[in-house]
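Every heavy atom of this structure was used, including side-chain atoms; hydrogens, water molecules and symmetry mates were not. Letters A, B, ... are given to chains in the order of the sequence lines, protein chains preceding strands, and every chain is numbered from 1.
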There are 2 protein chains.
Amino acid sequence: MSTKRAKLEQREKRIIAAARTVFLKHGFNKAKMSQIADAAALAEGTLYLYYKNKNAIVKAVVVDHWRQITDEAQDALSKTKDSFAQLQALADYHLTMMVKHWRVIELGYVLYYSRSDDAGENAGVDFKRTYAALFDRIIERGQDKGHFTNELSLPFLRDLFYGTLEYAARTLVLHNKPEDIDTNVAQLMAVLRPHLSENVPTDTGDDKAVLKRLERAVRKLERLH
Amino acid sequence: MSTKRAKLEQREKRIIAAARTVFLKHGFNKAKMSQIADAAALAEGTLYLYYKNKNAIVKAVVVDHWRQITDEAQDALSKTKDSFAQLQALADYHLTMMVKHWRVIELGYVLYYSRSDDAGENAGVDFKRTYAALFDRIIERGQDKGHFTNELSLPFLRDLFYGTLEYAARTLVLHNKPEDIDTNVAQLMAVLRPHLSENVPTDTGDDKAVLKRLERAVRKLERLH
DNA sequence: TGTATATATGAGTTAAACTCATTATGATGA
DNA sequence: TCATCATAATGAGTTTAACTCATATATACA
């Protein structure tokens, strides 16, 4: 009973794995169904028993990728309970993954432009949905615990977070600078911090002379960057 | 002399206009070369005298769009000399245009995924280049005039700006809420302000502001070491 | 073991991007 | 105005690759 179902699922996975390899190697257009069939050790016609068409296959590849990524990200987040640290961990993980698997991200674009290909069928671009929810959960929990302000709306914060990181990833890949992941994450967190952390006013009593001296030093340092 | 060249350019424009109509109506895949030819009142073969293939046509459509957008944005910016106001004007214009012409943005995705189609030929995705430069110019001029700090790197700022706005546009289109353009722009500017405006705190009594600024600077230093 | 049902196959069909031999257009000069 | 040449346009024909379907094979069940 379950062996049959298991076997079919096994085949589906084999197709996805084969398709992923072929798509990543050649890109969507130059990838041929015959190549995918070969890589999966199946006849071309058999592919169509599992997926309606080439678009459905690429969609399955992309969806599968985001599912894996979501699982891994969840693990990475569980290492800390501090909301802000979790956010930083997510940003770091997300950017790292995007840079590493940029070709998959580009494959995802196929799904955007080919929407409305077959009215109905190809329903909305909702891969990433559960992944994006990770961010929402962090923010909401941070707000509940009173650590985060809510002066910025959640949808906006989400767009800022993921939009910035996607563009940053493209820049890093384009200029082949994966070592800049950290500085990008740091800058993003610096931007978010004042809008998330409930600022505890620094205690007074500090000597003005010290402040003045510090400020001169900082100004000097700032000029270096 | 010039009439001949002018006529050819005229034809190119007719093809782009026709292609734009057909692509926006049907999407890239369902748009047929024959339809474009019909819409341009030309034979199908003639299209190939002007553009190498379907991809080249869609690229021309997208490039043309961004050229127009760039011109218009420049006009919108010339209304004010204040750097921060210019940034806000650009954000507002950009988001408005993206929401209005979202289908063209999606068409642009075709260029991303189909890169490497024909090694060499389809050189980098550099439409938007001059458009993105508008942002750079505002930032750089603001920094030169001493109104903007430079604690965040230009590439990062650019990715933050355009990345956030693209994601925000997608959200607005998806939820059909074009009236939220203003709130999105406002939130983006609120996020950017503290990192751009040089708010030199008067060291007379304004301890909190000084401390805040010093803290930011120190955190930044900590990140670097 | 025989029959029915489910799954796999790949030669054949079809659609659409692209080519190219032929035809039309228009410029130039006598 | 016409003859010659060069340039541009045409669309029937070719090619490629996604997709189909009649046939073959495997599997479950009595």
[X] [atom1] to [N] [atom2], straight-line distance once rounded to whole Å:
| X | N | atom1 | atom2 | result |
| --- | --- | --- | --- | --- |
| B:M33 | D:dT10 | CE | P | 14 Å |
| B:K54 | C:dA15 | NZ | P | 15 Å |
| B:K30 | D:dA18 | NZ | C1' | 15 Å |
| B:K32 | C:dT14 | NZ | P | 17 Å |
| A:Q10 | C:dT7 | CD | P | 16 Å |
| A:N29 | C:dA16 | CG | P | 16 Å |
| B:D38 | D:dT10 | CG | P | 11 Å |
| A:N55 | D:dA17 | CG | P | 17 Å |

Near DNA chain C, which residues from residues 42-50 of chain A have a heavy atom under 4.0 Å away?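 A:L42, A:A43, A:G45, A:T46, A:L49, A:Y50, in order of number.
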Just by distance, do the side chain of B:K54 and the backbone of B:A31 share a donor-acceptor pair under 3.5 Å?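 Here the side-chain-to-backbone pair exists.
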I want to know whether A:Y167 and B:Y162 have ring centres closer than 6.0 Å.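 No, the ring centres sit 6.0 Å or more apart.
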With a 6.0 Å cut-off on ring centres, are B:H94 and B:Y131 close enough?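 Between B:Y131 and B:H94, which both carry aromatic rings, the centre distance is below 6.0 Å.
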I'd like to know whether NZ of A:K25 has more than 12 heavy-atom contacts from other residues, nucleotides or ligands below 6.0 angstrom.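 Not more than 12 within 6.0 Å, no.
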Please confirm whether the shortest side-chain N or O distance from B:R11 to OP1 or OP2 of D:dA9 is below 4.0 Å.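 For D:dA9, OP1 or OP2 has a side-chain N or O of B:R11 closer than 4.0 Å.
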Base, sugar-phosphate alone, or nothing: which one does A:A41 contact when heavy atoms must sit under 4.0 Å apart?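 Contact class for A:A41: none.
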Taking atom types as modelled and ignoring hydrogens, do the side chains of B:D159 and A:T164 form a donor-acceptor contact shorter than 3.5 angstrom?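 No, no side-chain donor-acceptor contact under 3.5 Å.
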Do B:D144 and B:R141 meet the salt-bridge criterion of a basic N to acidic O distance under 4.0 Å?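 Salt bridge flag = no for B:D144 with B:R141.
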